[in-house]
Amino acid sequence: MHDTTRPSSPSDRSGTSDLSGTSGPSPSRRAVLAATATLTAGLAVGATGTAQAAAPHDDRRLRALVARMSLEEKVGQLFVMRVYGHSATDPDQADIDANLGEIGVRTAAELIAKYRVGGIIYFTWAHNTRDPRQIAALSNGIQRASLRQPRGLPVLVATDQEHGIVCRVGRPATLFPGAMAVGASGSTADARTLGRLSGTELRAMGINQDYSPDADVNVNPANPVIGVRSFGADPDAVARLVAAEVKGYQGARVAATAKHFPGHGDTAVDSHYGFPVITHSREVWEKLDAVPFRAAIRAGIDSVMTAHIQFPALDDSGDPATLSQPILTGILRGELGYDGVVITDSLGMEGVRTKYGDDRVPVLALKAGVDQLLNPPDLDVAWHAVLDAVRGGELTEARLDASILRILRMKNRLGLFDGPYVSERQVPHRVGTREHLAAADRIAERTTTLLVNEGRLLPLSRRGHRRILVVGADPASPSGTTGPPTGVLAAALTELGFTATALSTGTAPAQAVIDQAVAAAAQADAVVVATYNVTAGSSQRTLVERLMATGRPVVALAVRNPYDVAQFPSVPAFLAAYSWTDVEVRAAARVIAGRVRPRGKLPVPVQRADDPARVLYPVGYGLTY
């Protein structure tokens, strides 16, 4: 999934539950086994949760479960759906109304009863993620609602917890640096720690499938949808970090998801709103895009998410990869040897809806080799389309059985047959702990990248630069961070012994705002400017130039794309933080103040703004002091 904010229309959309008064996971294993009859007795997860073949006796039991399911139940197992509300049975009235309007049910429990969905996805904008204990209660309520059904099965509860700019569960859960920041550290140990600790927290809240890590190799600076969500531009480095994060998540019994196959890193079109075309040759794909996915498969990845992109070198039909049998069955399953779960990206995105209607997309995805159908814009249309395709002979029931068996194997590896519930009482002891927060800070300190430091301006001196003005872009804060970044940065610098004042100037500062910032700079000893996705015509450039003209030392900090540095050829100091989340902004403050040395190295090349064919800063570049 790509979206980081509540969508503007239903077509873009991809509280305390009935267990809220309990102190733990009740009903527990007994109820699960009873609900699934004696066939599931003995199903248990392995130590690592990796996508290995099920033991023969487990597979026999899982196949028996599939054989007992009705066709309608089988169709439901293929879908992962959004639902509004903080509770499985008692959401707020506004969420009931939203559910009725979009899905035709009132609650998550009714969604499960009507469609028997195999998975539910959590979103912040759907009000699923108020706080960790509430999330655990919602997850328990969802499991209980499903297991109470005839032949009830545990549910895959999923979310997009990539960290960095895409997170659905925020504070007080631990938020880690995003992928490109981790790419700047280059540490596989940090990537694995991130996955293990994040996975531990997700699992404690009843979330058992995470749509992370991003395995795309970002080689296009203009990429509007991947960018800093990628570990970088070097396929081998991306592959190492992807594999490490996969092992971390799955060691914590959370299914990791490598996305977006066959590779979304070289596009200037956002597949939420358009239909990107990747022009790589087959040879380039093998050497670039395929490398991290091969590594994820070797690491035992539980699931792979498809991309809504055209890739003519792999399939010249004009179909998106999500609907491409040559790409998903021929390449992913056949050539790469992957036999785990394949999930679509959101079926509400324009990239998959451009060529076919919402009734055809899920059927074509299944024919292409998909197992899980994520967040269709109209579940009733999609659900009945699959049902009718089987009844009409376009899809066989055996084809559904193959996907359902993969899904059940994953649920089994995750231990959901043996223990689908989580202890709500234990959530505060497992989520946002002091140890986890400290680990996130340590990881972040290894990511900040210093690109320019003329005259050794940095680190700033508390003696010579005590009064600091912090200005710049304040984009909407990623889920669950305090923000805005100028305020977080000023507060962090003040805690470090400076007297810092924040003045938000926005991503497109008007002349009056620039004048205000210039006037404020007259009272400061130094100015720190947060930049965000700066282009040649951006008034952020004017802001920095006017501030530099005051004679005050100016430090620029890119709080998203490191490519911003190319737009500021004269700035005396420039750093890249790769995100405007609190953990990364605070780490940058410690670097600016000299509490820690900058250790990050560029994971992507930065081209010159006036000549994109020439590299200004290569991969691996980074200064220190």
Is there side-chain contact between [X] and [Y], with at least one heavy-atom pair below 4.5 Å?
X      : Y      : value
Thr306 : Phe261 : no
Arg130 : Ile135 : no
Leu194 : Val182 : yes
Gln209 : Gln372 : yes

Look only at the side chain of [X] and the backbone of [Y], and say whether a donor-acceptor pair between them is shorter than 3.5 Å.
X      : Y      : answer
Asn218 : Gly227 : yes
Ser324 : Pro320 : no
Arg541 : Ala536 : yes
Thr344 : Thr322 : no
Asn561 : Tyr563 : no
Thr124 : Arg168 : yes

Report the relative orientation of the aromatic rings in His260 and His264; use parallel for angles under 30°, tilted for 30 to 60°, perpendicular for over 60°.
perpendicular
Ion pair check, [X] and [Y], cut-off under 4.0 Å:
X      : Y      : answer
Arg406 : Asp302 : no
Asp216 : Arg229 : no
Glu435 : Arg430 : no
Arg353 : Asp345 : no

Sorted by chain and residue number, the side-chain contact (heavy atoms from CB on, under 4.5 Å) partners of Ala290 (sequence neighbours excluded) come out as Trp285, Arg294
How many angstroms lie between CD1 in Ile407 and CG in Asp371, if you round to the nearest 0.5 Å?
5.5 Å
From the options Leu450, Thr449, Thr531, Leu623, select the one residue that forms a side-chain contact (heavy atoms from CB on, under 4.5 Å) with Phe574.
Thr531
Of all pairs that satisfy salt bridge (Lys or Arg N to Asp or Glu O under 4.0 Å), the ones with a partner from residues 190-204, not counting sequence neighbours:
Asp190-Arg446
